[in-house]
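Keep in mind it's a predicted model, so treat the numbers as computed, not measured. Counting starts at 1 for both ligands and their atoms, following the listed order.
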Amino acid sequence: MAAEEFWLYGYGSLIWKPPPHFDRRVPGWVSGYVRRFWQDHRGTPEAPGRVVTLIDRSYWEQLTDHHDTAPDKVWGVAYRIIPDKVAEVKDYLDIREINGYSIHYTPFHPADGSAPIRTLVYIGTPDNEQFVGPQDPQQLAEHILKSQGPSGLNKDYLFGLETSLDDLSPESGDIHVSDLARRVRALEKDAQASGRPLEPSNAPTSDFHSKASTNEAEELEKE
Ligand code: BEZ
């Protein structure tokens, strides 16, 4: 019997930093989710600061988010892993990505209209301790500008995501990402013009306001 295919969906750094041992890279989208810079990865080896996660769209609709629109299609890429390497890649992904994320499976729709593909996706759910929740976009942009980690500057992650999304399709832009990138560029320009140094920031920027759960919001605000 032929081995089942293993496909991985990337909506963040995986778009421009592919996993090892893939033989196909397919642009496309998933639905039912909203991409947000709501996952905090300070101090973890692979991520430089605030990074993206996917929020269940029905959950997001109950929240108060300053970015109050989100595309129905969350664009990204699906990678097919070479069958002989599936076990190795699954091990690698567990080490590289699992911190604060859980594994889900979701149908992925290739941009060329071919049949949907079942893909593995990593999602930082609201119950994990690195989930931050809605933030004021300007404060989030300031946080991103000042953050960095072993894998680089947080702003480079943001700019990498913006560029790689724009490259996928004429309709793959994400207003949440492009608005943050615009704010970071403006802040950078201001800082350069005034000669102000960019201090590393440890300040929390969460202002999580859930219409669904005040207790959960208070828990998150204490972090
Ligand atoms: C992504 O690029 O899709 C991704 C990478 C690491 C963790 C979660 C998602």
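- Interatomic distance, T119 OG1 to H104 NE2, rounded to the nearest 0.5 Å: 12.0 Å.
- Inclusion of Y101 in the set of residues having an N or O under 3.5 Å from an N or O of ligand 1 is not warranted.
- Looking at Y11 next to ligand 1, an N or O pair under 3.5 Å apart turns up.
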>> ring pair (Phe, Tyr, Trp, His ring centres under 6.0 Å), that's the test. Do Y11 and F108 meet it? Break it down for me.
In response: CA-CA 11 Å; Y11 57 91; F108 171 88; over 10 Å; no
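- Atom OH of residue Y33 and atom CG of residue D72 lie 14.5 Å apart, to the nearest 0.5 angstrom.
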>> Determine whether W7 and Y105 satisfy the following criterion, ring pair (Phe, Tyr, Trp, His ring centres under 6.0 Å), listing intermediate values before the conclusion.
In response: CA-CA 10 Å; W7 289 78; Y105 285 89; over 10 Å; no
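- Considering backbone and side-chain atoms together, L14 places an N or O closer than 3.5 Å to an N or O of ligand 1.
- With ligand atoms numbered from 1 in the order given, ligand 1 contributes 3 (O) to contacts under 4.0 Å with heavy atoms of G10.
- Rounded to the nearest 0.5 Å, atoms CG (L158) and CZ (R185) are 8.0 Å apart.
- Listed by number with element, the atoms of ligand 1 under 4.0 Å from a non-hydrogen atom of G12 are 1 (C), 2 (O), 3 (O).
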